[in-house]
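Report on the following structure.
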Amino acid sequence: MTFDEEYYNIGYLDRLSYQDTFVHNLDPRVKLITTMLFLFAVVSFPKYEIVALFPFFLFPVLLLTIGEIPLLFILKKVALVSPFAVFIGIFNPLLDPVQVTVLPGLTLSAGWFSFCSILLKFLLTVSTALLLIATTSFPGVCHALRQIGVPSLFVSQLLFLYRYLFVLAEESMRIIRARDMRSYGRRGTGVKVFVRIVGMLFLRTIERAERVYYAMLSRGFQGDMPALRNFRITAADLAFTASVMGCLYLFRFYPVSEKLGLFAQGLF
Amino acid sequence: MHMADALLSPAVGTTMWAGSVAALGYSSRKLKENIDNQMIPLMGVMGAFIFAAQMINFTIPGTGSSGHLGGGMILAVILGPYAAFLVMASVLTVQALFFADGGLLALGCNIWNMGVYPCFVAYPLIYKPIAGDGTSARRMSIAAIISVLVALQLGPFSVVLETLLSGKSELPFSTFILFMQPIHLAIGLVEGVVTAGVIRYVKNARPEILQSSGAFRPLDTGISVRKVLAFFVIIALITGGALSWFASTHPDGLEWSIEKITGREELAVQERGIAPVLNKIQEKTAFLPDYTFRPAVTGDPEAGNGPAWPSIEAGTSVAGIVGSAMVLGLVLLTGIGVRSFKRR
Amino acid sequence: MSHHIIDFKNVFFHYPDGTEALRDISFRITHGESVGIIGANGSGKSTLLLHMNGCLMPSSGTVNIGDLYLTKKTRQEIRRSVGVIFQNPDDQLFMPTVYDDVAFCPRNLGLDEDAVRQRVHDALSLVNGLELQDKPPHHLSGGQKSSVAIASVMAVEPDILAMDEPAANLDPKSRRLLINMLKTFHHSKIIASHDLDLILDVCRRCIVIKDGTVVADGPSTEILSNRALLEENNLELPLSLQRS
């Protein structure tokens, strides 16, 4: 991905997170905790599990639709980060050749199951993590972390990073454009030029940090970042948490897909 | 190389989170003890700098492929290890959220692999002794290259261990290692050269930054080697304890992979690797005395036909397929329903 | 009311690397005055502003703000009465949302959350920016950013406003809005800028700085129509005076 694309991608995701929907308005703590529980539940399935993973798609699909997040955008981002997991998993079918009969006449090696399981888990975990940030503003996530008890120094570090991410990314984008404009193809994109660009960017960053520090001093900064706003848990938050936890429990310990299948078989 | 959620078991994920959270807490406490207030915005903006710099790619000479910067070592040299670790952790957190690099459960692993190694291993044990007092540019460059190389060998090595201990991949240890380490040797060399270059550039342009940032560092005495080692031993014990607990209660995770590994001839070396170590830790600490590796499983006649595999009967698997299709259909319908309701 | 006075006496300042940025600066600004500070790039304008609230301390000479003599001890108190607005709003707005940014000062004063909310509300409505409060700064336009930057300083109700290039990077309409807004403030104002039309519009008095020293100090209409003086300082006549 080129720098521009990457930059606009984060910018878009960031903009999505400031929408006004039911999911966006939930307490960030609630979303953070339910997302973590969800990830745990998904990852805790044994390596060959496939069938029991399907019901879990309900969670990302609901976040996506209620939060009005474009599906294609999320899928694209998921595809972009998939290579590592796919690469590691693709060897399973070769290395785990134990034959398993799925249906009479259809036999697959067990590795295919674990590979599919990795892919499903990957899709579930990555899309849900992306949906968390697409439906919760980053400052919201930080408030949640602070209230959960993460050290304030680290939280203010995150907040500063978020604040200056866009400023510095834009600055680097301008430098990169200047580089690419004048390097006609390959020359100029090498390590030497890169080192100089990064060095220059670094010096500018230091100078910016100095200016920011002056601005902070001017406004009464004496070493402590003031506490941030407190969120209050509402009835909607409680209802959301309860239903998510209920569903997670059900999907994790009760074979929903299989029972549904048996039930359908009974009908016909 | 970012570790991914999908390759992780909850036990490994939690353990690595515990390690990273401990390192985070320790660093923020250490940093708070005598922080220069100017560090607070400096660290924040530095994080954004690393983030932006990682997005810039460059051509790796001779290959035509493109590389980009990790940045942990630059941070450690400029800010000192504690601040650098916090900055690195924040960069990885934002990446996990905005790029879904790795994922949230794997974030613990990633902070460990890419934060702890450069800041608390490579910097105090390799960079500092080689670079000395920072007057010789050449020594600083050499120190930067070597320490980046070491950090970038430790990181992928951990990725390998974490993946194998999670037991979701079938890749044998030796193959995996042979694949990961050389690639990262190359990446490390490039990144080391870049790191050295940036440090040298800064030293030439604004030498006072490297000097004054030295004053920020609450760590001028250096982290004592003994402390670092003690820390690692403790973490290793916790890891071993957590894993053996997990293995004993959850037969299909770790054990399965260990059995897989030990069950193969070409991996006989491994028998001298992970399992006995865990066993030894187990014996020493006796977290769970009734722990056994159940070597019987390998001899089990059923084991060959897919051990720990949920019952494979045609009947249930048909039900599984039908049910999965129905569940997916229902989920999709829900989604479409919500969308169309919202459009109205 | 004597407490809104700014008094620089023989102020010198050199940066740690040895650069002499201010050389023997003396002036006195009285209550309610609005003063423009002009000069070429690198003449020392920004450095001068950083002395108004003790971000930088004079190497020698004295700075008095109201009744207070600027020292390391008094500077926290001085910062309450002097609001400095920096040239680049991205440096000024360092908090992740507009609300948190405007609330930064009041929270540092230790006000309780209700009082903070009131302050934020007042400051933002002063610059017509109430609807921006939940946005992150990087979603704002240049004009909105500078409005919020002003609000973030106004939230502690300072007596004196010091601004560095307030209209840089603004489109003409935002610039006009800013000028109109500045005219409604009854604070003592010190504005460092290359935008001489803005100075002419907002400030009665004008100080010209060259190489760190004051080379002219007088009514804006006089100084800004002195072509020779301006050109000597890499400046030119304000557009509004060129026409006539």
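Within every chain, numbering begins at 1; the chains are lettered A, B, ... in the order of the sequence lines, protein sequences first and strands thereafter.
Between chain B and the options A:Leu58, A:Asn92, A:Val81, A:Thr125, the largest number of non-hydrogen pairs under 4.5 Å is found for A:Asn92. Among A:Val126, A:Val256, A:Leu201, the residue making the largest number of heavy-atom pairs under 4.5 Å with chain B is A:Leu201. With chain A as partner, the option from B:Ser28, B:Ala89, B:Gly337, B:Pro41 having the largest number of non-hydrogen pairs under 4.5 angstrom is B:Pro41.
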Stepwise side chain to side chain contact (heavy atoms under 4.5 Å, CB included) test for A:Tyr213 and B:Ile40: CA-CA 8 Å; A:Tyr213 181 57; B:Ile40 293 174; over 6 Å; no
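Side chains of B:Ser27 and B:Lys32: no donor on one and acceptor on the other come within 3.5 Å. Checked by atom type, the side-chain pair A:Glu210/B:Gln38 shows no donor-acceptor distance below 3.5 Å.
Heavy atoms closer than 4.5 Å to chain A are found in both the backbone and the side chain of B:Phe49. With a threshold of 4.5 angstrom between heavy atoms, B:Leu330 approaches chain A through side-chain atoms but not through N, CA, C or O. Both the backbone and the side chain of A:Leu165 come within contact range of chain B, with heavy atoms under 4.5 Å apart. For chain B, no part of A:Glu170 is nearby; none of its heavy atoms comes within less than 4.5 Å. Heavy-atom distances place both the backbone and the side chain of B:Leu104 under 4.5 Å from chain A. Looking at A:Ile10, both its backbone and its side chain come within 4.5 Å of chain B, counting heavy atoms on both sides. A:Arg196 touches chain B through backbone and side chain together, each having a heavy atom under 4.5 Å away.
A distance of 13.0 Å separates CE of B:Met180 from OG1 of B:Thr175, quoted to the nearest 0.5 Å.
The aromatic rings of A:Tyr162 and B:Phe98 lie parallel to each other, their planes meeting at an angle below 30°, with 60° marking the opposite boundary.
Here the side chains of A:Val78 and A:Ser127 are in contact, with some heavy-atom distance below 4.5 Å.
The side chain to side chain contact (heavy atoms under 4.5 Å, CB included) test applied to A:Gln157 returns B:Met43, B:Val87, B:Ser90, not counting sequence neighbours.
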